[in-house]
Peer 1: 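The structure follows.
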Amino acid sequence: MPELPEVETVRRGLAPVMEGARVTKVELRRPDLRFPFPIGLAEAVEGRTFTSISRRAKYLLMHLDDGTVLISHLGMSGSFRIDWEGEAAVPGVFHHDRSKSPLHDHAVIDLARPDGKRASVIYNDPRRFGFLLLSAENQLHEHPLLRNLGVEPTGNMLDGAVLAKMLAGKKAPLKAALLDQTLIAGLGNIYVCEALWRAKLSPLRLAGTISGRGGKQTVRSERLATAIRAVIADAIAAGGSSLRDYRQADGSLGYFQHTFNVYDREGHPCPSPDCSGTIHRIVQSGRSTFYCPTCQR
DNA sequence: GTTTATTCCTGACCGC
DNA sequence: TGCGGTCAGGAATAAA
């Protein structure tokens, strides 16, 4: 499940291949993913050169030299793969991982790089919840999908004061509030569960209750902000370390081994050293929440 | 304005 | 072994 750290990992994998590369061909193998491909997408991208690959929340932004931006979202099951010309695909990969079958290679971007190498960047997405869209650079911040996004949980923007202010008065469960992309941009189900566990806060607690009077920062808001930043930073670091040898694997980007403290750990003992509780699974707004009722209050 | 439910999709998994 | 049912989840959209 690609959340912000996975998307950032994909970005770091794609950037050195795509930046400075000219697009020789774009092949769309079906008319749509979650949304129809924009009319003229291939023509708009072919012949242009990628200047940079950036990220906003879970969106990948591929900037072209004429001010066009290719917006990509991996949805639930999307991934990118890099095939280098002259290098055989790793045999057997797709036999072992049907989820990345060539059947679901929906878009192929052929590149010619300044160093003379040629590569194809391939978008694969079995469940087709992802999408590729176009925007103009100077309208990017007004794009309907991007304009309402909240604060990035990276860097030092998200602190206890900011968090307390944004959650003040909120009646939704803390879990739901943290998933709201207009508040914090890029958190998904997994890292929300992990961050709440680290902060020792219950996902059931009403979001507003971690703020002080008048939305002032509190010990709890400080603890949660720190936990969110740490969970995301750790996951990005783990993804970065998996990038080193991504070409030995199967060329695909964005998925890496990761162990979680609570996510998908129902029935396991709480990993917190000073807690003898058990991880529970509940459903909140239709989604699984994993947490320890003993130490998360 | 705020919050919750539904919808899209396919593969993995489980029980019979 | 095969079949049917359930589940996973990001975010637009509709509904409460």
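Here is the naming used below: chain letters follow the sequence lines, and residue numbers restart at 1 for every chain.
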Peer 1: For S288(A) and R281(A), test the side chains for any donor-to-acceptor distance below 3.5 angstrom and give the result as yes or no.
Peer 2: yes
Peer 1: How long is the line joining CE of M166(A) and P of dT2(B), in whole Å?
Peer 2: 14 Å
Peer 1: Could you check whether D65(A) pairs with R22(A) (Lys NZ or Arg NE/NH1/NH2 to Asp/Glu carboxylate O, under 4.0 Å)?
Peer 2: no
Peer 1: Nearest to the side chain of H104(A) - dT10(B), dA12(C), dT2(B)?
Peer 2: dT10(B)
Peer 1: Heavy atoms only: give me the nearest P153(A)-L4(A) pair and the separation to one decimal.
Peer 2: CD-CD1, 3.6 Å
Peer 1: Give a yes/no answer on whether the side chain of S288(A) brings an N or O atom under 4.0 Å of OP1 or OP2 in dA8(C).
Peer 2: yes
Peer 1: R128(A) has a side chain; which of dA11(C), dC9(B), dG10(C) sits nearest to it?
Peer 2: dC9(B)
Peer 1: Tell me: CG of L33(A) to C1' of dG10(C), nearest whole Å?
Peer 2: 14 Å
Peer 1: Of the listed nucleotides (dA12(C), dG10(C), dT4(B)), which one gets closest to any side-chain atom of L145(A)?
Peer 2: dA12(C)
Peer 1: Would you indicate, yes or no, if dA11(C) has its OP1 or OP2 atom less than 4.0 angstrom from a side-chain nitrogen or oxygen of H73(A)?
Peer 2: yes
Peer 1: Tell me: CD1 of I71(A) to P of dA11(C), nearest whole Å?
Peer 2: 13 Å
Peer 1: Looking across every strand, which nucleic acid part, if any, lies under 4.0 Å from F131(A) by heavy atom: base, sugar-phosphate, or nothing?
Peer 2: nothing
Peer 1: Looking at CD1 of I210(A) and OG of S202(A), how far apart are the two atoms once the value is rounded to the nearest 0.5 Å?
Peer 2: 12.0 Å
Peer 1: Any donor-acceptor pair, under 3.5 Å, between the side chain of R127(A) and the base of dG10(C), if you only look at N and O atoms?
Peer 2: no
Peer 1: Starting from C1' on dT4(B), measure out to CG on L206(A) and report it in whole angstrom.
Peer 2: 15 Å
Peer 1: Could you pick out which residue, R287(A) or P173(A), lies toward the 5' side of DNA chain B when each is mapped onto its nearest nucleotide?
Peer 2: P173(A)
Peer 1: Would you tell me if any nitrogen or oxygen in the side chain of R34(A) comes within less than 4.0 Å of OP1 or OP2 on dT10(B)?
Peer 2: no
Peer 1: Under 4.0 Å between a Lys/Arg side-chain N and an Asp/Glu carboxylate O for D32(A) and R30(A)?
Peer 2: yes
Peer 1: Would you mind telling me which of dG10(C), dC7(C), dA11(C) lies closest to the side-chain atoms of R281(A)?
Peer 2: dC7(C)
Peer 1: Any side-chain N or O of K171(A) below 4.0 angstrom from OP1/OP2 of dT3(B)?
Peer 2: no
Peer 1: The side chain of E3(A) lies closest to which of these nucleotides: dA5(B), dG10(C), dT3(B)?
Peer 2: dG10(C)
